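A quick write-up on the structure given underneath.
Letters go in sequence order (proteins before strands), and every chain restarts at 1. Keep in mind the model is a prediction, meaning the values are calculated, not measured.
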Amino acid sequence: MAKNDNKHSLMDEIVGLCKRRGFIFQTSEIYGGINGFFDYGPLGVELRRNIKDAWWKDMVQMRDDVVGLDSAIIMHPDVWKASGHVDSFTDPMVDCKESKMRYRADHLFYALVKVDGQEIGCVSLLESERMQEDAEKMADDLKRKMAVQGEMDALHLQPYTEAPESDWSKVPSPATGKPGSLTPPREFNMMFKTHVGALQDASAAAYLRPETAQGIFANFKNVLDTGRIKVPFGIAQIGKAFRNEITPRNFIFRSREFEQMEIEYFIQPDEEIWEGHHREWIDTRKAWFASIGLTDEHLGEEVHPREKLAHYARACTDITFKFPFGEQELEGIAARGNYDLMQHQGASGKPLEFFDEARKEKYVPHVIEPSLGVDRTFLAVICAAYTKDEIDGETRTVLKLHPRVAPVKAGVFPLMKNKPELMEKARGLYEKLRLRWNVFFDVSGAIGRRYRRMDEIGTPFGITVDFDSLEDGTVTLRDRDTTKQERVTEKELISAMEEKIGW
RNA sequence: GCGGGCGUAGCUUAGCUGGUAGAGCGCCACCUUGCCAAGGUGGAGGUCGUGAGUUCGAAUCUCAUCGCCCGCUCCA
């Protein structure tokens, strides 16, 4: 990990590199951007795919006990009722700009005060049993203060959440009694809402999934019935999820649209076995992180204290990463009991049980859930790889990416571009390598410059074709991290790349 | 959401008290170049985040808005 006195400037450098070299752009930048959303450029998309491919390969393809799934982003709204997301996330708020007080907007009621049909003001108060009575008193006071004569219309109290925009400025703050200092009501529910079909009424409401896990639970029976699998087994999914975060922060660490890699690993319900599975998954996941260059020196484990666990969770351990802005959660590995399946079984009325042949009994399995963010992994990989070192007195910026995830595996360079025979030979090698790997052909600038360009985007191999190559077919293979060079045959080159990159 | 700071070319930035924009690096082309950001010549690229306002005149002053950073708040 790069050393830097100033944590902020280190993060700034990384963000700058990501933009400068085409890893990550702020989305819709030409329109001024929008907070919490990002676009991945030509190199970013390669790195991202490599991370996802590595995960899928190791967690699904190489395992007998895990199968894949790709469920829809928009699911039946009842899924989110059953999972608890609809209820547990709704929290509309309103702030008084003057007194700095914050209220639940659905607890703040107001009424327009009208005398003989003429609007003379507005009263507001917090929800209570006697609020109608209190509001009428307040309205009377207002009428007296304004010295208005006439018959007061009946007061219609309504929650601030239902106020039309034209009323916001009229409603007085309960703290100051003066209108105009309240902000519009704000929904703090983290789920993005949308509409399905032509009608935009409540019956058409739907949500963008805030996690991929529920798609797995909802398909538990489908997979079980078709997959020829038995407990213990896992279902894995990679996909986008959306959360309307109040404060997106730290570059792509907390964003509003992100991608998850989740496994629900179903186990027998016995009390004494879940801990073993839980620990096993923590170790499995850490080994996987090491395979993409995130070793124990970068990682930590944070065990959630019992009192902070959700009521259905038995344990949750985070695998953390030491980011420049602090040690933060990368992956959460939770032991969730059978809460989710039970909820969906209850809400849908469909049995979500597994018949265990060995035990001759039916049960709703419990689950271990390793849940990882693609984007967080991306950021961790970049942060861990970002290095500045010195080559002959010159500072060099290099991404020491694990070859497995590096967006470009090798740069192929003809030593000089004005020698047709060198160009042709190098081009031929490039065409051969690109069949297997993402490689880059670069002819412009001095050879040292081309090496450095590749260093900055984390390309592990530099391959230079020179005049000797024309004679004996050997090339110079230059190592990104050590800058050491060696003379190799084409065959040796290929096997060196295979060995470092893997599959 | 609140408070503070910030926004000039791809990047880093100069531009003091208003007179309609420069530099370095990078990039592109050509030349040169026998292995670690060499050199030469030429070139593209900015309505100074955006929108209003004040002014004869705004990158510079005012306001709003968007975005970024820090702290709080909120929240899995």
- Note on the structure: Between A:Glu29 and A:Pro248, whichever has its closest RNA chain B nucleotide further toward 5' is A:Glu29
- Can you tell me how far CZ of A:Phe413 sits from OG1 of A:Thr476, rounded to the nearest 0.5 angstrom? 11.0 Å
- Item | Gap in Å between the two C1' atoms, one belonging to B:rU62 and one to B:rC2, rounded | 23 Å
- Item | Spatial distance of atom CH2 (A:Trp55) from atom CD (A:Glu262) [nearest 0.5 Å] | 8.0 Å
- For atom CZ of A:Arg243 and atom C1' of B:rC74, their distance in whole Å: 15 Å
- Gap in Å between the two P atoms, one belonging to B:rA58 and one to B:rU50, rounded: 15 Å
- State whether the side chain of A:Gln237 and the backbone N or O of A:Ser71 hold a donor-acceptor pair below 3.5 Å, judged by distance alone. yes
- Could a donor-acceptor pair under 3.5 angstrom be found where the side chain of A:His85 meets the base of B:rA76? no
- Task: Please say whether the positively charged group of A:Arg209, taken as NZ for Lys or CZ for Arg, lies over the ring of A:Phe242, i.e. under 6.0 angstrom from the six-membered ring centre and within 45 degrees of the axis.
- Result: no
- Message: Just the rounded figure in Å: distance from C1' of B:rG1 to CG of A:Asn244.
- Response: 13 Å
- Can you check the A:Phe325 CZ to B:rC70 C1' distance for me, whole Å? 14 Å
- Task: Starting at atom CZ of A:Arg256, determine the distance to atom P of B:rC75, rounded to an integer number of angstrom.
- Result: 16 Å
- Message: Distance check, C1' atoms only: B:rG7 and B:rG46, in whole angstrom units.
- Response: 14 Å
- Just name whichever nucleotide pairs with B:rC25, Watson-Crick or G-U, keeping both distances under 3.5 Å, else none. B:rG10
- Item | Rounded distance in Å between the C1' positions of B:rC30 and B:rA44 | 15 Å
- Task: Assess A:Arg48 against A:Phe378: is NZ or CZ under 6.0 Å from the centre of the six-membered ring, and within 45 degrees of the ring's axis?
- Result: no
- Item | G-U wobble or Watson-Crick pairing nucleotide for B:rU62 (cut-off 3.5 Å, both distances) | B:rA52
- Mind calculating the distance between NZ (A:Lys19) and P (B:rC68) to the nearest angstrom? 12 Å
- Task: Mark up nucleotides 24-41 of chain B, 5' to 3', with B wherever a protein heavy atom is under 4.0 angstrom from a base atom, S wherever such an atom reaches only the sugar-phosphate, and - elsewhere.
- Result: --SS--S-S-BBBBB---
- Message: Nearest whole Å is fine: how far is B:rA76 P from A:Tyr339 OH?
- Response: 13 Å
- Answer yes or no on whether A:Arg243 is positioned over the face of A:Phe258, meaning its NZ or CZ is under 6.0 Å from the six-membered ring centre and within 45° of the axis. no
- Between A:Asp455 and the options A:Arg480, A:Arg450, A:Arg396, the side-chain hydrogen bond (donor to acceptor under 3.5 Å, both in side chains) test singles out A:Arg396
- Item | B:rG10 and B:rG45, which share atom name C1', separated by this distance in whole Å | 9 Å
- Query: Roughly how far apart, to the nearest Å, are B:rU20 and B:rC25 at atom P?
  - Reply: 27 Å
- Could you work out which one of B:rG67, B:rG10, B:rC70 sits closest to the side chain of A:Arg249? B:rC70
- note: A:Ile34, atom CD1; B:rG49, atom C1'; distance rounded to Å ~ 16 Å
- Message: Regarding A:Phe25, tell me which of base, sugar-phosphate or nothing describes its non-hydrogen contacts under 4.0 Å with the strands shown.
- Response: nothing
- Query: Quick one: does NZ or CZ of A:Arg256 land under 6.0 Å from the six-membered ring centre of A:Phe192, within 45 degrees of the ring axis?
  - Reply: no
- Same-atom distance (C1') from B:rG22 to B:rU8, integer angstrom: 11 Å
- Separation of B:rC69 C1' from A:Gln26 CD (nearest whole Å): 13 Å
- Message: What's the gap between B:rA21 and B:rC35 when it is taken at their C1' atoms, as a whole Å value?
- Response: 42 Å
